Amino acid sequence: MTSSQPSSRHLVVAAGQLGPVHVGDSRESVIERMCILLDEAASRKVKLVVFPELALTTFFPRYLLDDQELKSYFDVDDPTQGGIAQAPRVKRLFDHARSHAIDICVGYAERAVQPDGSHVDYNTSVYYSADAGKVVGKYRKVHLPGAVEPYTAAGAYQQLEKRYFRPGDLGFPAFRAPGLIDGALKKKDGVTDPAQSKLRGDPIIGILICNDRRWAEGWRVYGLQGTEIVCCGYNTTAFATKATGEMVDMSAEEAEAEVLLHHKLSCQGNSYMNACFSINVAKTGVEDGNPLVGGTIIVHPNGHIIQEAETKQDELVVAEIDLEDCRRGKEKTFAFEKHRRVEHYRMILDRAGAIEPELL
Ligand code: CDV
């Protein structure tokens with residue numbers, strides 16, 4: 001065995017919270033703002049920055065758009081042309097991250113080119129490794145909220161993700177990020193079961209996007225791959241009109257407090273139950289008149305919030321974490337291999353909607 005990993009696996013990570021990206025904002029201006037956050041990250045010794053869902057554009061699913069309008073929001077991800085890291089309107093961001101030796105996880109609207117030249121659109125986040133100089137992880141949003149057809153009531157708030165994106169087809173694929181931890185265990189070290197080894201491999205990462213964080217299933221699938229850090233960007237409306245066009249029956253302040261409560265419950269509860277850190281990053285502020293909640297948080301595997309945004313603007317939220325802190329949960333309360341009773345979970349796979357027991 002050649003690795004000489006220290007007993008702690010410290011890493012400085014950050015959430016690259018973004019303020020609003022308005023419809024008229026140029027792509028260059030958004031990339032510039034993200035590069036400024038990366039500059040700050042470099043000065044604070046950060047090794048990983050997570051950016052929000054659809055970070056490069058306004059949250060366009062709130063608008064009913066024709067094909068031509070829609071096209072401008074998507075970035076073509078063509079594997080034969082080097083994928084998203086080489087896409088002309090985004091390349092500068094990845095190059096900048098690499099120049100600082102910082103990994104980034106970033107959300108964007110993906111127009112995926114198919115082998116026959118057609119395309120499929122997804123709400124996607126990729127993980128770019130500065131060490132590898134390429135994308136090493138990709139996730140396409142599974143739990144798309146909203147509707148295909150726009151709500152017809154006057155003043156209704158639209159959420160047209162089901163119209164514009166195909167549900168993700170990659171599942172919840174955890175992956176390892178190289179170059180972040182010195183002396184990480186490698187395949188060449190010949191350890192057959194890394195989960196049982198005292199030495200640990202490179203950090204295990206999973207990605208979720210916005211609404212996914214409310215669904216225990218995705219987190220658990222990551223938990224079952226030993227995931228240590230979940231990266232989750234979001235655009236969450238702070239308060240909005242209903243599909244019927246009416247206002248919710250709460251004040252704007254009460255509605256926003258409720259949204260924040262549910263956001264934090266989801267991130268803190270699922271981080272705890274899967275013994276992983278999570279970096280949960282907002283696009284926030286008032287985007288073309290539409291209030292987005294903030295609440296960017298970095299959560300510890302014990303469920304506590306260890307860092308939280310103070311603003312609703314571009315802000316780097318930084319935390320030093322020790323990946324060894326995942327061990328307690330993974331080896332005791334949530335030692336899945338000892339305590340899960342999979343023979344009783346069949347219904348989770350067989351049923352989507354609830355079917356109530358017979359009436360008495
Ligand atoms: N972008 C999102 O996925 N938004 C959802 C809303 C619609 C509930 C969210 O979970 O924040």
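Both counts, for ligands and for their atoms, begin at 1 and track the order of listing. It should be emphasised that the depicted structure is a prediction, and the values quoted were computed from it without experimental measurement.
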I need the minimum non-hydrogen distance between Thr296 and Tyr234, along with the two atoms involved. N-OH, 3.3 Å
Evaluate whether atom CG of Asp116 has more than 12 neighbouring non-hydrogen atoms of other residues, nucleotides or ligands under 6.0 angstrom away. yes
Working note: Glu28 + Arg89, criterion salt bridge (charged side-chain N to carboxylate O under 4.0 Å, His left out); need CA distance, chi angles, decisive distance, verdict. CA-CA 8 Å; Glu28 293 72 26; Arg89 297 190 302 171; over 6 Å; no
Could you state whether Phe172 and Phe277 fall into the same hydrophobic cluster, counting links through intermediate Ile, Leu, Val, Met, Phe, Trp or Tyr residues with side-chain heavy atoms under 4.5 angstrom apart? yes
Assert yes or no for the condition that the ring centre distance of Phe74 to Phe60 is strictly below 6.0 Å. yes
Using a cut-off of 6.0 Å, state whether more than 12 heavy atoms not belonging to Arg166 lie near its atom CZ. no
Less than 4.0 Å from some atom of ligand 1, heavy atoms are found in residues Glu53, Phe59, Lys141, Pro145, Gln159, Glu161, Cys210, Asn211, Arg213, Arg214, Asn235, Thr236
